[in-house]
Amino acid sequence: MRIGELAERAGTTTRTLRYYESRGLLPARRAVNGYRTYDESDLRLLRQIRTLQDFGFDLEETRPFVECLRAGHPAGDSCPASLAVYRRKLGELDTLIEQLRTVRAEVGAQLARAELEASAALPDGPEPRCELGG
């Protein structure tokens, strides 16, 4: 298939495909007339890249998966390099989750403090003004 068809089937643009080609992630095969040609295996590569990017992997992190697919592994993630990327990404996610838990606890504490202060206000006093909203 030609580049336009591959882009359409992969749900991306020809510009993106050319970029992937320049980065060595997509093969640069040419027909005798000079047109880029692709096959179903290239579509699988693109789908693998897109799925990983949807999960938060950057483009370079997809390289081991692409290479694993090119080596003939059906899933693209059973090679040692792919497994290492999975492990590293899980570590990053665990760190982010812990950071979010910390922030959530701090926001919860601020809310509890603010609610306590609001409930302690004099019933006949003026309504408290929120200065954050402008």
Side-chain angles (χ1 to χ4, degrees):
M1 73 187 93
R2 295 200 7 212
I3 193 168
E5 181 183 351
L6 179 63
E8 184 177 326
R9 289 184 62 192
T12 191
T13 64
T14 57
R15 182 177 179 182
T16 297
L17 298 183
R18 286 187 202 99
Y19 178 68
Y20 290 172
E21 182 182 306
S22 74
R23 299 290 305 267
L25 293 169
L26 193 61
R29 292 185 302 272
R30 301 273 183 166
V32 292
N33 61 7
Y35 291 137
R36 290 172 170 89
T37 61
Y38 303 96
D39 58 26
E40 292 299 318
S41 67
D42 299 318
L43 182 58
R44 283 189 50 219
L45 289 175
L46 288 173
R47 288 183 175 152
Q48 181 79 35
I49 291 169
R50 297 285 306 259
T51 298
L52 291 168
Q53 287 190 307
D54 288 347
F55 290 158
F57 289 70
D58 66 36
L59 189 58
E60 195 54 37
E61 288 175 317
T62 68
R63 185 174 302 282
F65 298 88
V66 168
E67 290 170 356
C68 192
L69 281 170
R70 284 186 184 153
H73 298 274
D77 61 0
S78 58
C79 297
S82 302
L83 296 172
V85 173
Y86 272 152
R87 286 184 194 101
R88 188 170 50 251
K89 184 56 76 174
L90 280 175
E92 291 173 11
L93 291 170
D94 288 342
T95 299
L96 288 172
I97 288 167
E98 190 54 42
Q99 289 171 347
L100 287 172
R101 283 187 179 134
T102 300
V103 169
R104 187 186 190 294
E106 291 173 10
V107 170
Q110 290 287 50
L111 173 61
R113 181 202 46 78
E115 287 177 334
L116 186 61
E117 286 180 12
S119 67
L122 296 174
D124 296 332
E127 189 71 26
R129 283 186 33 173
C130 180
E131 301 293 329
L132 296 177

- Task: Kindly write out the residues that satisfy side-chain contact (heavy atoms from CB on, under 4.5 Å) with Asn33, not counting sequence neighbours, or none if the list is empty.
- Result: Ala31, Tyr35

- Just wondering, do Val103 and Gln99 contact through their side chains at under 4.5 Å, heavy atoms? no

- Message: My understanding is that only residues two or more places apart in sequence, or in another chain, count here; which of them pass side-chain contact (heavy atoms from CB on, under 4.5 Å) with Cys68?
- Response: His73, Ser78, Cys79, Ser82

- Which residue pairs satisfy the disulfide bond (SG atoms under 2.5 Å apart) criterion with at least one member in residues 4-36, sequence neighbours excluded? none

- Item | For Glu40, side chain to side chain donor-acceptor pair (under 3.5 Å) partners two or more places apart | Arg9

- Return yes when atom CZ of Arg2 has more than 12 non-hydrogen atoms of other residues, nucleotides or ligands closer than 6.0 Å, and no otherwise. no

- Task: Give, for atom CZ of Phe57 and atom CZ of Arg88, the distance between the pair rounded to the nearest 0.5 Å.
- Result: 9.0 Å

- Glu117: partners by side chain to side chain donor-acceptor pair (under 3.5 Å), with sequence neighbours left out: Arg113

- Please determine if Glu67 and Arg70 form a salt bridge, counting it only when a charged side-chain N lies under 4.0 Å from a carboxylate O. no

- Query: In terms of side-chain geometry, is the basic nitrogen of Lys89 or Glu92 positioned less than 4.0 Å from the acidic oxygen of its partner?
  - Reply: yes

- Message: Any side-chain to backbone donor/acceptor pair from Glu115 onto Ala112? Under 3.5 Å, distance only.
- Response: no

- Taking only residues two or more places apart in sequence or in another chain, which ones pass side chain to side chain donor-acceptor pair (under 3.5 Å) with Gln48? none

- Item | Counterpart residues, salt bridge (Lys or Arg N to Asp or Glu O under 4.0 Å), relative to Arg87 (two or more places apart) | none

- Task: Return the minimal non-hydrogen interatomic distance between Gly4 and Thr14, and the atom names on each side.
- Result: CA-CG2, 3.9 Å

- Message: Tell me which pairs pass ring pair (Phe, Tyr, Trp, His ring centres under 6.0 Å) where either residue lies in residues 83-108, with sequence neighbours left out.
- Response: Phe65-Tyr86

- Query: What residues, two or more places apart in sequence or in another chain, satisfy side chain to side chain donor-acceptor pair (under 3.5 Å) together with Ser41?
  - Reply: Asp39

- Query: Checking Arg23 side chain against Glu60 main chain: does a donor-acceptor pair fall under 3.5 Å?
  - Reply: no

- For Tyr38, what are the other residues in its hydrophobic cluster, where any two members join if their side-chain heavy atoms are less than 4.5 angstrom apart? Met1, Ile3, Leu6, Leu17, Tyr19, Tyr20, Leu25, Leu26, Leu43, Leu45, Leu46, Ile49, Leu59, Val66, Leu69

- Hits for side-chain contact (heavy atoms from CB on, under 4.5 Å) against Arg30, two or more places apart or cross-chain, chain-then-number order -> Glu21, Arg36

- Note on the structure: Contacts of Glu98 meeting side-chain contact (heavy atoms from CB on, under 4.5 Å) (sequence neighbours excluded), chain-then-number -> Arg101, Thr102

- Taking atom CZ of Arg50 and atom OG1 of Thr16, what is their separation to the nearest 0.5 Å? 8.0 Å

